[in-house]
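So the structure is just underneath, and the comments pick up after that.
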Amino acid sequence: TEQEIEENSGNDGELLLRRVITGNRSRCFINDTAVPLKTLAQVGDLLVDIHGPEQHHSLLQPSYQRELLDNYAELSPAVAECSKIFDQWRQARNELQQAQESVEKEDVETLKEQADEIRKAAVNPEEDDQLSERHALMARARNLVGIADECRRTLCESENAVTEQLSRILRSSRELEEADPNSGKPICDRLEEGIELLNDVGNDLEHYVDAFEFDESEYTALEERMGTLQRLKRKYGPTLQDVLETAENLEQRCAEVENRQFQVEEKKKECQRLEKLYHEKSEMLRAERKKAAGTLADAISAKLENLGFNNSSFRIDVTPGRISRSGQDNVEFTFAPNVEQNLHPIREIASSGEIARVLLAVKTVLSAADNIPTLIFDEVDANVGGNVAVKVAEELASIGQRHQTICITHLPQIASAGQRHYRVLKSSQANRTKTELAALDIKQREKEIARMLGWQGDSEVALEHAREMLGETEHE
């Protein structure tokens, strides 16, 4: 911004922009501070405005045209107020969006369900160790009973119980006993003893199981309780104390969300208020812009006629546009060089010479409203001559009263109107083209103006004509 430029200027108020190019890289500086190329270009746009072929024209940008119209109509304070309201509205919308997103992220019903889940479980921070200890004891007892019962069923009750298998072996051994009593009978006797012994073991195991104190329903209830607590710890833990603290946090968040819901409604009202105020201010700006557009267009049209566009048309269109800090208007400078042509935005005019003269007319009328200090015109004299060239020179001199104005020209009428005169010389040395810029004193200037008039040698008439043109400029 202009304020930042002022703050970064040297003690003497000078601002030096430099770009150092070496090989395939470049470095940019403002005074002695390194800056990106983009920053250098942005600062340059605030200091110098170039009007010529293939160059950037700030005046061709609709946003800049709107700014010039506002300055011409003295609407800058109203635009600043509109910008302030717009910023407040945008901030209010952002805050509303954040509040809505915050409320949407926090489902109050879910928060309440989670808090109720914990409260209904009646969690006691100390019961975790108590339950674990009791469960370990019962699990150990249940495991012993299971082992004993499994052994008993394997010995006596299962489909392939050991005692049943030994009984089958005993029945088969009876045939051995009948055939060979001496050898078979001892075998059968020992089998019978083994079966009786295993049956006794089975009975002992049954008595062990029956005598053991174990409540299956208590064990089931214990496991269910531990499962409930474990689930709560996974969701809200890792400890039961954490679970209780989570319940408190959930209840607090419920209260906060309900409060945010109230804030959302308040912010909606604020957004609606600022939106209404913004549209009112935008409509006021549009009305003032349309009023000023006609006056400004008439003034520019008069300048265009003075510059040789006798049958041209110029109009400033103010149309509804997108919402912005400066209102809701699109401002477009439109121009038709001839009667039979339709009006088009000035940036779409094909002839660079026509663009230069249109810009010159606009700059002349709006020079007081234009804050760019240095203006450079190139080809402003394209396709003009005679009296029109004189008028162009007069307009450039008028702009020069308010801005530093530099003009590249081939016309003596324009060159003689300048306060300073520089000649651009090109020469070739060792297959290289060299360009020099030479400041001319009064005598050199007379000869240069005479040369531009077509003087090829000693011609006192041409020199006198040049003196006359320069004298008229000085007199003016």
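Both backbone and side-chain heavy atoms feed into the values below; hydrogens, waters and symmetry mates do not.
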Problem set entry | side chain to side chain donor-acceptor pair (under 3.5 Å) involving Asn306 - partner list, sequence neighbours excluded | Glu395
Exercise. Salt-bridged, Glu460 to Arg467, with N to O below 4.0 Å?
Worked result: yes
For this session: Not counting sequence neighbours, which residues clear side chain to side chain contact (heavy atoms under 4.5 Å, CB included) with Glu127? List them please.
Result: Asn124, Gln130, Leu131, Arg225, Leu229, Leu240
Exercise. Taking only residues two or more places apart in sequence or in another chain, which ones pass side chain to side chain donor-acceptor pair (under 3.5 Å) with Gln97?
Worked result: Glu101
Exercise. Gln341: what forms a side chain to side chain donor-acceptor pair (under 3.5 Å) with it, not counting sequence neighbours?
Worked result: Asn338
For this session: Any chance you could lay out the salt bridge (Lys or Arg N to Asp or Glu O under 4.0 Å) test for Arg119 and Asp116, step after step, and finish with the verdict?
Result: CA-CA 5 Å; Arg119 295 306 184 192; Asp116 290 343; over 6 Å; no
For this session: Starting from the C-alpha separation in whole Å, work towards a yes-or-no answer on side chain to side chain contact (heavy atoms under 4.5 Å, CB included) for Thr409 and Val392.
Result: CA-CA 11 Å; Thr409 182; Val392 170; over 6 Å; no
Exercise. Which residues pass the side chain to side chain contact (heavy atoms under 4.5 Å, CB included) test with Arg322, sequence neighbours left out?
Worked result: Ser324
Seminar exercise, completed: Arg27 meets the salt bridge (charged side-chain N to carboxylate O under 4.0 Å, His left out) criterion, sequence neighbours left out, with none
Problem set entry | Positive for ring pair (Phe, Tyr, Trp, His ring centres under 6.0 Å) with Phe333, one of Phe314, Tyr72, Tyr64 | Phe314
Problem set entry | Residues forming a salt bridge (charged side-chain N to carboxylate O under 4.0 Å, His left out) with Arg231, sequence neighbours excluded | Glu117
Seminar exercise, completed: Smallest heavy-atom separation, Asn71 atom then Ser76 atom, equals OD1-OG, 2.9 Å
Exercise. Within a strict 4.5 Å, meaning less than it, do heavy atoms of the Glu446 and Ile449 side chains meet?
Worked result: no
Exercise. Between Val43 and Val35, is any pair of side-chain heavy atoms under 4.5 Å apart?
Worked result: no
Exercise. Quick one: are Glu332 and Asn330 in side-chain contact, heavy atoms under 4.5 Å?
Worked result: no
Problem set entry | Selection residues 245-278 - residue pairs positive for ring-ring contact (aromatic ring centres under 6.0 Å, His included), sequence neighbours left out | Phe86-Tyr278, Trp89-Tyr278
Exercise. Will you find, in the side chains of Thr239 and Asp242, an N or O donor that is under 3.5 Å from an N or O acceptor?
Worked result: yes
Problem set entry | Flag side-chain contact, heavy atom, 4.5 Å: Val123 against Tyr236 | no
Exercise. Can you check whether Arg66 reaches Leu69 side chain to side chain, under 4.5 Å on heavy atoms?
Worked result: no
Exercise. Would one find more than 12 heavy atoms of other residues, nucleotides or ligands at under 6.0 Å from atom CD of Glu126?
Worked result: no
Problem set entry | Atom NZ of Lys233 with >12 non-hydrogen neighbours under 6.0 angstrom | yes
For this session: Mind checking side chain to side chain donor-acceptor pair (under 3.5 Å) for Arg286 and listing every partner two or more places apart, or none if nothing turns up?
Result: Asp329
For this session: Give a yes or no answer on whether the side chain of Thr334 reaches the backbone of Arg315 with a donor-acceptor pair at less than 3.5 Å.
Result: yes
Exercise. Could you state the interatomic distance from CZ (Arg18) to CG (Asn31), rounded to the nearest 0.5 Å?
Worked result: 8.5 Å
For this session: List in chain and number order the residues that pass salt bridge (charged side-chain N to carboxylate O under 4.0 Å, His left out) with Glu248, two or more places apart in sequence or in another chain; answer none if no residue qualifies.
Result: none
Exercise. Taking everything shown except Gln263 itself, do over 12 heavy atoms lie less than 6.0 Å from its CD?
Worked result: yes
Exercise. CD1 of Ile316 to CZ of Arg289: how many Å apart, nearest 0.5 Å?
Worked result: 12.0 Å
For this session: Name all residues meeting the side chain to side chain contact (heavy atoms under 4.5 Å, CB included) criterion together with Asn387; count only those two or more places apart in sequence or in a different chain, and write none if there are none.
Result: Val390, Lys391
Exercise. Do Met469 and Met452 come close enough that some side-chain heavy atom pair is under 4.5 Å?
Worked result: no
Problem set entry | Non-hydrogen side-chain atoms of Lys84 and Glu81 separated by less than 4.5 Å | no
For this session: Quick one: do His279 and Gln328 satisfy side chain to side chain contact (heavy atoms under 4.5 Å, CB included)? Show the steps, please.
Result: CA-CA 8 Å; His279 287 299; Gln328 301 181 76; 2.8 Å; yes
Exercise. Any side-chain heavy atom of Ile372 sitting closer than 4.5 Å to one from His403?
Worked result: no
Exercise. How close do Val264 and Leu96 get, heavy atom to heavy atom, and via which atoms?
Worked result: O-CD1, 3.6 Å
Problem set entry | Whether Ser398 side chain and Glu394 backbone form a donor-acceptor pair below 3.5 Å | no
Exercise. Can you name the side chain to side chain contact (heavy atoms under 4.5 Å, CB included) partners of Ile408, sequence neighbours left out?
Worked result: Ile376, Asp378
Exercise. Does CD belonging to Glu245 count more than 12 external heavy atoms closer than 6.0 Å?
Worked result: yes
Exercise. Just how far is it from atom OG1 of Thr405 to atom CD1 of Ile399, taken to the nearest 0.5 Å?
Worked result: 6.0 Å
Problem set entry | Gln444 atom CD, over 12 foreign heavy atoms within 6.0 Å | yes
Problem set entry | Nearest heavy-atom neighbours spanning Leu232 and Val243 | O-CG2, 3.6 Å
Exercise. What pair of heavy atoms forms the shortest contact from Ala92 to Glu270, and how long is it?
Worked result: CB-CG, 4.4 Å
Exercise. From Cys82 SG over to Glu283 CD, what is the distance, rounded to the nearest 0.5 angstrom?
Worked result: 11.0 Å
Exercise. Does the ring centre of Phe309 sit less than 6.0 Å away from the ring centre of Phe335?
Worked result: yes
Problem set entry | CA sep, side-chain torsions, deciding dist, call: Leu68, Val331, side chain to side chain contact (heavy atoms under 4.5 Å, CB included) | CA-CA 10 Å; Leu68 289 177; Val331 175; over 6 Å; no
Problem set entry | Non-hydrogen atoms of Leu285 and Ser326 that approach each other most closely | CD1-O, 3.7 Å
Seminar exercise, completed: Separation between CG (Leu17) and OG1 (Thr39), nearest 0.5 Å, reads 10.5 Å
Seminar exercise, completed: NZ (Lys281) and OG (Ser83) are apart, to the nearest 0.5 Å, by 11.0 Å
Seminar exercise, completed: Note: Val388 and Gly308 closest approach over all heavy atoms is CG2-CA, 4.0 Å
Exercise. Taking 4.0 angstrom as the limit, do Glu448 and Arg445 come out as a salt bridge?
Worked result: no
